[in-house]
Amino acid sequence: MIKKVNHIGIAVSSLDAAMKIVKDVFGLEVTGVEEVPSQKVKVAFVPVGDTRLELLEPTAEDSPISKFLATRGEGMHHIALETDDVAGDLRKAEEAGARLIDKEPREGAHGTKVGFLHPKSTFGVLMELVEEPGEHKS
Ligand code: ZN
């Protein structure tokens with residue numbers, strides 16, 4: 001079951017520059033910086049109330065974020081919805097006719113399980129489903 005917006009992903013060319021903006025402009029603190037090899041990105045999480053911004057910097061030229069930056073520049077990349085059953089909700093989305101990027105959950109940052117839906121199926125917005133560690137309900 002989907003519960004809330006877990007985070008909003010923003011593609012940046014420099015994580016250091018973006019973290020400075022977040023601190024100087026908004027007075028927000030970055031909590032975790034982590035490399036996610038499966039997605040070829042380095043991420044920084046910035047808590048905002050009970051949701052977060054996820055700043056994404058590519059770590060390789062064939063990273064999906066490299067392609068995004070090359071074609072569109074820095075900007076909003078995806079919205080992540082939190083669920084207690086990422087595998088089940090991916091299945092439901094597919095049954096409802098959505099095109100999936102990930103048919104099976106994969107490793108996300110901070111021990112999460114994640115799966116992406118194709119933006120063509122969801123009003124042009126890349127949507128991520130994310131399950132926090134220990135949240136699995138079924
Ligand atoms: Zn994300």
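Residue numbers start at 1 and run along the sequence shown. Bear in mind the structure is a predicted one, so any value in this text is a computation, not a measurement. Whatever order the structure lists ligands and atoms in, that order sets their numbers, starting from 1.
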* Asked: Between the main-chain N or O of Ile65 and the side-chain N or O of Ser63, is there a donor-acceptor pair closer than 3.5 Å?
  -> yes
* Check the pair Asp62 / Lys40 against salt bridge (Lys or Arg N to Asp or Glu O under 4.0 Å), numbers first and verdict last. => CA-CA 8 Å; Asp62 61 345; Lys40 297 180 180 168; 2.8 Å; yes
* Only pairs at least two apart or in different chains count here, so list each salt bridge (charged side-chain N to carboxylate O under 4.0 Å, His left out) that has a residue in residues 93-103. => Glu94-Lys103, Asp102-Arg106
* Structure fact -> Exactly one candidate in Val130, Ile101, Leu129 meets side chain to side chain contact (heavy atoms under 4.5 Å, CB included) with Phe116; the answer is Ile101
* What number of protein N, O or S atoms occur at distances under 2.8 Å from the Zn ion (ligand 1)? -> 4
* Asked: Any side-chain heavy-atom pair from Val33 and Val43 closer than 4.5 angstrom?
  -> no
* Do the rings of Phe45 and His110 sit parallel, tilted or perpendicular, given the 30° and 60° boundaries? -> tilted
